[in-house]
Protein chains: 2
Amino acid sequence: MSKQQASLPVVDLNADAPCCPPLAQRRIPAETAAVLAPALKALGDPVRLQLMSMIASAEGGEVCVCDLTPAFDLTGPTISHHLKTLRESGLVDAERRGTWVYYRARPQILRQLAALLSVEPAPAAQP
Amino acid sequence: MSKQQASLPVVDLNADAPCCPPLAQRRIPAETAAVLAPALKALGDPVRLQLMSMIASAEGGEVCVCDLTPAFDLTGPTISHHLKTLRESGLVDAERRGTWVYYRARPQILRQLAALLSVEPAPAAQP
DNA sequence: TGTCTGCTTAGACAGACGTCAAGACAGGCG
DNA sequence: CGCCTGTCTTGACGTCTGTCTAAGCAGACA
C-alpha cells in the first residue's frame with residue numbers, strides 16, 4: 001500500500017496543519033464544504049456549543065459526564081444524545097473508566113474550523 | 001440604572017474585537033452560546049458554506065446572485081432561501097442595484113467565530 | 001451474588017429545515 | 001406602454017432534529 005490513496009478523505013480533519021485556506025481567501029470546493037459543514041453544524045446548537053466549551057476548557061483535558069449533565073435543564077438521555085453528535089462529528093472523544101465516562105476534546109478539528117473562518121485582521125485602509 | 005442596561009445584547013456580533021475568549025479557554029455562558037450558535041448553524045450546511053466562501057472571497061468584496069445560482073444544482077428559490085438564512089444570521093448583507101442583487105460579507109462575525117474556535121497553536125510536547 | 005448508580009440506546013412525537021413549483025414584484029428595453 | 005428578464009416570496013411536502021420516557025447494559029459495592 002502506498003502512503004496516500006485516492007480514496008483518502010479529501011480533507012484530513014485530524015491533521016495538525018490547516019487543511020485549507022481561509023474561506024474568505026479562496027472559494028472552497030464542494031468536497032471541502034461537505035467535510036467541514038457537519039462539524040459546524042454540530043456546533044450550531046447552543047447546548048452542544050456549551051458542552052464543547054466545557055469539555056475543551058476542562059482542567060486535565062477531560063471531564064466526566066456526571067459534571068456535564070447537571071449544568072443543563074435537560075434529561076440525561078438528551079445530553080447523551082448531544083454528546084453522541086459531537087462524538088460522531090469527530091469533535092470529542094469518549095472513554096469509559098470504571099463507573100464514569102470521560103470526554104476530551106480533539107483540538108485538531110477546532111483548529112481546522114478556526115483557520116477556515118479566519119479573516120485578515122482588518123480591512124486595513126489601503127496605503 | 002447603570003450605563004449598561006440588561007436589555008443590551010450580551011454579545012455584540014458586529015464589534016471588531018473578539019467578543020469572548022476562545023471556547024477552549026473558558027467555559028462560555030449560555031447567553032453567548034445562544035447568540036453564536038445560530039451563526040455556526042447557518043454555516044453548518046454545505047451549500048451555505050460554499051455560498052459564504054464565494055461571497056467572502058469575491059473580488060471587489062461583493063458578488064451578484066446571478067453568479068451564485070449557476071454554481072449549484074439547485075433552483076433559484078432554494079439559493080435565495082439559503083441566502084436569506086445567511087442574511088438573517090448577520091453573516092452577509094444584500095443590496096439591490098438595478099436588476100441584480102449583490103451580496104457582501106460581514107467579516108466581523110467571521111472574526112468572532114474564528115476567535116471563539118481558536119486553540120493554542122499546539123499541545124507542545126512538554127520538555 | 002444481588003442490587004444500585006451512571007450512561008447509553010430505542011421508540012415516539014412536535015417542531016424546524018431543505019427543497020421545489022407557482023406566483024409576485026422590480027427594473028430594463030423595444 | 002407593454003413585454004421580458006431576473007430575483008424574491010409564498011405555500012406545500014417530505015425529511016431531519018431536539019426532546020422526552022422507558023428500557024438495556026456496564027461496573028462498583030455490600
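Every chain is numbered from 1, with letters handed out A, B, ... down the list of sequences.
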>> Return a single string for nucleotides 24-30 of chain D, one symbol per nucleotide in 5' to 3' order, where B is base contact, S is sugar-phosphate-only contact and - is none, cutoff 4.0 angstrom on heavy atoms.
In response: ---SS--
> Where along nucleotides 14-21 of chain D does protein come under 4.0 Å, by heavy atom, of base (B) or sugar-phosphate alone (S), with - for untouched nucleotides?
Replying inline: ---SSBBB
With a 3.5 Å cut-off and sequence neighbours excluded, list the donor-acceptor pairs that the side chains of residues 70-79 of chain A form with protein atoms.
unit_1	atom_1	unit_2	atom_2	d
A/Thr75	OG1	A/Thr78	OG1	3.1

In this structure, how many angstroms lie between the [atom2] atom of [N] and the [atom1] atom of [X], rounded?
{"X": "B/Glu95", "N": "D/dG6", "atom1": "CD", "atom2": "C1'", "result": "17 Å"}
{"X": "B/Trp100", "N": "C/dC29", "atom1": "CH2", "atom2": "C1'", "result": "12 Å"}
{"X": "B/Leu86", "N": "C/dG18", "atom1": "CG", "atom2": "C1'", "result": "14 Å"}
{"X": "B/Ile79", "N": "D/dT7", "atom1": "CD1", "atom2": "P", "result": "12 Å"}
{"X": "B/Leu83", "N": "C/dG18", "atom1": "CG", "atom2": "P", "result": "13 Å"}

> So does B/Arg106 pair up with B/Asp93, basic N to acidic O under 4.0 Å?
Replying inline: yes
> Taking it one step at a time, do A/Arg87 and A/Tyr103 satisfy side chain to side chain donor-acceptor pair (under 3.5 Å)?
Replying inline: CA-CA 9 Å; A/Arg87 236 183 307 142; A/Tyr103 278 78; 3.2 Å; yes
>> A cation-pi test, strictly: NZ or CZ of A/Arg97 under 6.0 Å from the centre of the six-membered ring of A/Tyr102 and no more than 45 degrees from its axis. Yes or no?
In response: yes
>> Measuring from atom CD of B/Gln50 to atom CG of B/Asp45, what distance do you get when rounded to the nearest 0.5 angstrom?
In response: 9.5 Å
>> I'd like to check the side-chain hydrogen bond (donor to acceptor under 3.5 Å, both in side chains) partners of B/His81; sequence neighbours left out, ordered by chain and number.
In response: none
>> For B/Pro22, give me all partners under side chain to side chain contact (heavy atoms under 4.5 Å, CB included), at least two apart in sequence or on another chain.
In response: B/Gln25, B/Ser118
> Sequence neighbours excluded, which residues qualify as salt bridge (Lys or Arg N to Asp or Glu O under 4.0 Å) partners of B/Asp67?
Replying inline: none
>> Any side-chain N or O of B/Tyr103 below 4.0 angstrom from OP1/OP2 of D/dC8?
In response: yes
>> Nearest to the A/Lys84 side chain among D/dC8, C/dT8, C/dT9, which nucleotide is it?
In response: C/dT9
